[in-house]
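Some notes on the structure that comes next.
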Amino acid sequence: QVHLVESGGGSVQAGGSLRLSCAASGRTDRSYTMGWFRQAPGKEREFVAAINWSPGITNYADSVKGRFTISSDNAKNTVNLQMNSLKPEDTAVYSCAATRYRTPVVVASLYNYWGQGTQVTVSS
């Protein structure tokens, strides 16, 4: 069992930055891939970014490439999502997730564990 807790959400103006963190506890033997997904009101959940603990292979949605960076802090069992140049369309609830797949998969149904989510609001 893996327990995930997100932090770092909030409100920011367009062009600003936020950093989300996901703290993992439980059976964090680093065989997992960690991902970030988001869901805006009235829309389906969508993939944002993912990283496997080792060797740190990453994957990004086209909509966030060049603006968002996912990273892992193995010592702290934490995965971070640095979000720069935020746009109003980035507004959503962002959730951290974990999967046993070794590659940074983009399909939400392949992730076994989920955090509670954190709200990100970007105003124009």
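The basis for the numbers below is simple: all heavy atoms, side chains too, and nothing from hydrogens, waters or symmetry mates.
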>> If you apply the rule side chain to side chain contact (heavy atoms under 4.5 Å, CB included), what do you find for Leu18 with Leu86, and how did you get there?
In response: CA-CA 8 Å; Leu18 284 173; Leu86 283 162; 4.1 Å; yes

>> With side chain to side chain contact (heavy atoms under 4.5 Å, CB included) as the criterion, how do Arg38 and Asp90 come out once you've worked through the C-alpha distance, each side chain's angles and the decisive distance to 0.1 Å?
In response: CA-CA 9 Å; Arg38 66 186 182 186; Asp90 294 319; 2.9 Å; yes

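- One finds the CZ atom of Arg102 at 8.0 Å from the CG atom of Asn52 (value rounded to the nearest 0.5 Å).
- For Ser72 (side chain) and Asn74 (main-chain N/O), no donor-acceptor pair under 3.5 Å exists by modelled atom type.
- A salt bridge links Asp62 with Lys65: the distance from a Lys NZ or Arg NE/NH1/NH2 to an Asp or Glu carboxylate oxygen falls below 4.0 Å.
- For the pair Asn59/Val106, a side-chain contact is recorded, criterion being any heavy-atom separation below 4.5 Å from C-beta on.
- Transitive grouping of hydrophobic side chains (ILVMFWY, heavy atoms separated by less than 4.5 Å) brings Val12 and Val64 into a common cluster.
- In this structure, the side chain of Glu6 engages the main chain of Cys96 through a donor-acceptor pair within 3.5 Å.
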> Run the side chain to side chain contact (heavy atoms under 4.5 Å, CB included) check on Ile70 and Tyr60 step by step: do they pass?
Replying inline: CA-CA 9 Å; Ile70 189 170; Tyr60 294 93; 3.4 Å; yes

> Going through the distances and angles, do Tyr111 and Tyr101 end up as a ring-ring contact (aromatic ring centres under 6.0 Å, His included)?
Replying inline: CA-CA 8 Å; Tyr111 285 77; Tyr101 279 79; 8.3 Å; no

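- Contact check for Leu81 versus Val48: side-chain heavy atoms found under the 4.5 Å cut-off.
- Nearest heavy-atom pair, Val2 versus Ala24, reported as atom, atom and distance to 0.1 Å: CG1-CB, 4.5 Å.
- Atom CG of residue Asn80 and atom CE of residue Met34 lie 10.5 Å apart, to the nearest 0.5 angstrom.
- Looking only at distances, no side-chain donor or acceptor of Thr78 sits under 3.5 Å from a matching main-chain atom of Ala23.
- Separating the OG1 atom in Thr33 from the CZ atom in Arg100 is a distance of 10.5 Å, to the nearest 0.5 Å.
- To the nearest 0.5 Å, the span separating CZ on Phe37 from CD on Glu46 amounts to 10.0 Å.
- For Gln116, the CD atom counts as densely surrounded, since its 6.0 Å shell holds more than 12 non-hydrogen atoms of other residues, nucleotides or ligands.
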> Hey, mind stepping through Thr99 and Val105 against side chain to side chain contact (heavy atoms under 4.5 Å, CB included) and telling me if it holds?
Replying inline: CA-CA 9 Å; Thr99 175; Val105 293; 4.0 Å; yes

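- Between Phe68 and Trp36, a ring centre-to-centre spacing not shorter than 6.0 Å is recorded.
- Distance check: Arg67 CZ to Lys87 NZ gives 4.5 Å after rounding to the nearest 0.5 Å.
- Separating the OG atom in Ser95 from the CG atom in Leu20 is a distance of 10.0 Å, to the nearest 0.5 Å.
- More than 12 heavy atoms of other residues, nucleotides or ligands lie within 6.0 Å of CD in Glu89, so this atom counts as buried by the packing criterion.
- What you find for Ser124 and Pro88 is that their closest heavy atoms are CB-CG, 3.9 Å.
- Between the side chains of Asn84 and Gln82, at least one donor-acceptor pair of N or O atoms lies under 3.5 Å.
- Side-chain N or O atoms of Thr118 include none that pairs as donor or acceptor with a backbone N or O of Tyr94 at under 3.5 Å.
- For Ala108 against Arg45, the heavy-atom pair with the smallest separation is CB-CD, 4.0 Å.
- For the pair Tyr113/Gln1, a side-chain contact is recorded, criterion being any heavy-atom separation below 4.5 Å from C-beta on.
- Taken together through direct or relayed side-chain contacts under 4.5 Å among Ile, Leu, Val, Met, Phe, Trp and Tyr, Val93 and Val122 form parts of separate hydrophobic clusters.
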